[in-house]
Every structure is written in structure tokens, then in C-alpha cells.
Number of protein chains: 2
Amino acid sequence: MVPRKRADAQRNEKTLLDAAAAAFVASGVNVGVRDIAGRAGVGVGTIYRHFPTRADLVVAVYRHQIEACAEAGPELLAASESAHAALASWIDLFVDFLVTKHGLAGALQSDDATFQTLHGYFLERLLPVCAGLLEAATEAGEISADITALELMRGVGNLCIGADTDKSYDARRLVALLIAGLRVRPS
Amino acid sequence: MVPRKRADAQRNEKTLLDAAAAAFVASGVNVGVRDIAGRAGVGVGTIYRHFPTRADLVVAVYRHQIEACAEAGPELLAASESAHAALASWIDLFVDFLVTKHGLAGALQSDDATFQTLHGYFLERLLPVCAGLLEAATEAGEISADITALELMRGVGNLCIGADTDKSYDARRLVALLIAGLRVRPS
DNA sequence: CCAACATACGGAACGCTGTTCCGTTTACCA
DNA sequence: TGGTAAACGGAACAGCGTTCCGTATGTTGG
């Protein structure tokens, strides 16, 4: 069947994840591979063996947080007063995640082929959650319907770009404005 | 005084601007220098002599359009029914400019040191215009005041990122939502 | 018209990336 | 404990932006 992985390989994978996480915090998700390799005390070849693309490494580092964000969607919908409030809360979670990850928002929207997989993973995991919340809010008549979950997530992701390096730019406020613009006007 | 530039240098500068403009359209503002040099039929050294940084080249190529956008601000304010309408129209102009320039929006927000000058030029030229429109709309009581011109422009610029490569993403619609969110709610 | 001088040009060379590749080492198991 | 396959390290490669200098060319004073 599947032969168990060698012990040193398992160890190195964990070491690499830790090193990459530290490097991402220190220098952003675009940090050089030699930097990560140095932190982990391995050669660059070892990185590519475990994580063939940059996207694989990023996903591996942040998988838990992404999962947590995805699972929070239905929970918020069940616990919130209104669907719109649930949507707003969930977007808050998403924004919090993005702005604390140096350069991640930028990588997500990059048209670089290396990051297509990353973009794909985020969409696959989070888009259905966002779509569910959006649909609930639409059915409740709380927002105008002329936006797709994809556009909403792209817009929010875009607004988070650079929010970590420029303290005079508050992505949360702008995202809040966007969500406010979504809401149906009391006429 | 200032000795006149050599005739061939003048010719090359114009050739380079045309070649760069064509290359930007074809491959985005991050197109390789060798590509631009090839189109212009010059060596790469010639590019750096005329335009020491990438930002200088980009600004030179788009200067006219940026100026036009800047000058349109006061004109729109004078011609529009309301200050809010003028602001919306001006933002439309800005968005139109950005989304039609392959990768320019991304470069504007990039934290790459090469583009700091570019960012600076845009802000220097357009920020006062945006601030004027925003202030007029605020004084007219048409928008809530808790956003700065800088944040608004950054937000709008961010929303334009990637709008040229993904046809399922409509930056204009999202920007419109943002502007709508700015408006004071009829209570 | 023609030196001689300053200016500008071309592209090789450099340093820095990400990525690949292969000789060597290491863990596993019979 | 020896043999085998898996994994490792880092040199080597390719492709970028950038610099530099030997060569070519426009300009100008005699």
C-alpha cells in the first residue's frame, strides 16, 4: 500500500512549516526560498521536494486558519440576529485573517501563475461559505442582489492589499463601507 | 546655459515612449526591459539613460492622461448638480483610467521600492483633486465624513487590481458600492 | 570642411532571484 | 548487518533588473 514516510522526512516537513511561518511573518509570503531554507537548516531542494510550488507551502502554513474561517460561516449564521450581521461578522473574520498575513492579499490577486493554485484553494474552500451567507441575506431582503459571492470576496480581498504595511490605511473601514453599500436602503 | 539635447537622443526618447506604451498595452506595466528595448530597436542601456527607474517611464507614458484626470476634477464640480455626483463622476474617470492600464493598479499599491515614485506622483497630482471633491461633498452634507481622500483613493485603486485580466470581476460595480456606502443614509 | 570633444549608444557582464538536478547521505527492513 | 530506496544538500542553470564601459555619432570651434 502506501509505504510510511521516512522519519527524517516527517521531521523536516514540520521544521519547514515552522520556518516558513516565521519567515512569512518576518518578510511576507514572498520571502526568498533561501531565507526559508536557512531558517529551517535545510537545502533549497528539500523545500521543493515537500512543497513543489509556493502556493503549496502557503496553503500548508495557513490551512488551519482557512478551515476555521470556513467553518465559522454556518456557525455565525445560526448564532446571529440577522443574516446581514452574520455576513458582516464573517467578512470581518476574513479581513482579520488577510491583513495579518504580510502580502497574502496581494499574492491572492496576483496573476502570477505560481499563485493560481493559492487563489483556487481559497475560492474552493471559502467561496461556498460566502455564497451561503450572501444568499441568506438576500432571501431575508437585507441586501440588494446584484453582486456575486465571487465579486464580493475579490473586492474584500483587494481592499486588504497593503493594509499591513501602511498604518494610515484602514482596510476594515473600507470593507465596512463596501458592506454598507450592499445593504438595501430604507426607502 | 542648458545645452540642447542631441538630435538622436530626442528621437530615441520619443521612440522609447511609443515602444513602452505599446509594450504596456501588450504585456502590462511590468513588461521586461529587454522587451521594450527590442520594440524600440535600442539597447537596454538607452532605456535606463532616459528613464532611470520604471516609475519614470510609466509616468512619462501616462502623464497626459493623469493630467487630464486631475484637471477634470474642478470642471466636474462646476458642471454637476451635486458635489456627490461630481465625486462619483470623477471616481469613474479614475477607475476607467486604471482598469484599462494592464497591471497599473497593482503597481500603484505595490510596496516595491521601484514604484514608490509612481505612487508618489499619483498622490501628488490626484490627491488634492480628490480631497477637494470630497470636501465639497462633505460640506454639502451628502456623505459621512469619516474617510480621508487618501483612504478613498487607495481603496478605489485597490478595487481596480486585476480588473483587466478577469472579465468576471467588475471593478466599477464594487467601486460604485463603496461610493454608495459613503453616502449618508436618509434617516 | 574637419578635427576633437562631449554626448549617447549597445550589449556584455554582474548580482540576485526561482528552479532543477544529481552525487552523497540516511533511514528502513530483510 | 548489508542492501535498497528514499531523502538530502547545494552546485548549477535560466531569467530577471541593473550597471558599466568600449565604441559610435552628433555637435562645434577653427
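Per chain, numbering begins at 1; letters A, B, ... match sequence-line order.
- Between A/Val33 and B/Asp8, the residue anchored closer to the 5' end of DNA chain C is B/Asp8, taking for each the nucleotide with the nearest heavy atom.
- Residue side chain A/Arg49 does not reach the base of D/dA7 through any donor-acceptor N/O pair under 3.5 Å, judged by distance alone.
- Between the CG atom of A/Asp35 and the P atom of C/dC16 there is a distance of 15 Å, rounded to whole Å.
- Cluster annotation: B/Met153 is not connected to A/Ile161 through the hydrophobic network of ILVMFWY side chains, with a link wherever side-chain heavy atoms come within less than 4.5 Å.
- Set against D/dC8, C/dG18, C/dA13, the side chain of A/Arg34 has C/dG18 as its closest nucleotide.
- Under a 4.0 Å N-O distance rule, the pair A/Arg54/A/Asp112 does not qualify as a salt bridge.
- Within 3.5 Å, no donor on the side chain of B/Arg54 pairs with an acceptor on the base of D/dG17, nor the reverse.
- A close approach under 4.0 Å does not occur between any side-chain nitrogen or oxygen of A/His50 and OP1 or OP2 of D/dA7.
- At a threshold of 4.0 angstrom between heavy atoms, the contacts of B/Gly32 are confined to the sugar-phosphate backbone, with no base atom among them.
- Going from atom OH of B/Tyr48 over to atom P of D/dC16 covers 12 Å, rounded to whole Å.
- Going from atom NZ of A/Lys5 over to atom C1' of C/dC29 covers 20 Å, rounded to whole Å.
- Under the 4.5 Å side-chain heavy-atom criterion for Ile, Leu, Val, Met, Phe, Trp and Tyr, A/Leu76 and A/Val129 are members of the same hydrophobic cluster.
- At D/dC8, one or more side-chain N or O atoms of A/Asn12 fall inside 4.0 Å of OP1 or OP2 (strictly under the cut-off).
- Criterion: ILVMFWY side-chain heavy atoms under 4.5 Å apart, direct or through other members. Under it, B/Ile147 and B/Leu126 are part of a common hydrophobic cluster.
- Residue B/Ile47 contributes atom CD1, which lies 16 Å from atom P of C/dA8 at whole-angstrom precision.
- One atom, CD of A/Glu13, and another, P of D/dA6, lie 16 Å apart when rounded to the nearest Å.
- With C/dG18, D/dG10, D/dA7 as the choices, the nucleotide that has an atom nearest any side-chain atom of A/Val44 turns out to be D/dG10.
- Atom CG in A/Leu16 sits roughly 11 Å away from atom C1' in D/dC8 (whole-Å rounding).
- With rounding to whole Å, B/Phe51 atom CZ is found 17 Å from D/dG17 atom C1'.
- Using a 4.0 Å heavy-atom distance criterion, A/Gly38 is classed as making no nucleic acid contact.
- Taking the nucleotide of DNA chain D with the nearest heavy atom to each of B/Asn30 and B/Arg11, the more 5' of the two is matched to B/Asn30.
- In terms of modelled atom types and a separation under 3.5 Å, the side chain of A/Thr53 and the main chain of A/Asp56 share a donor-acceptor contact.
- The base of C/dT26 sits within donor-acceptor range of the side chain of A/Arg6, with an N or O pair under 3.5 Å.
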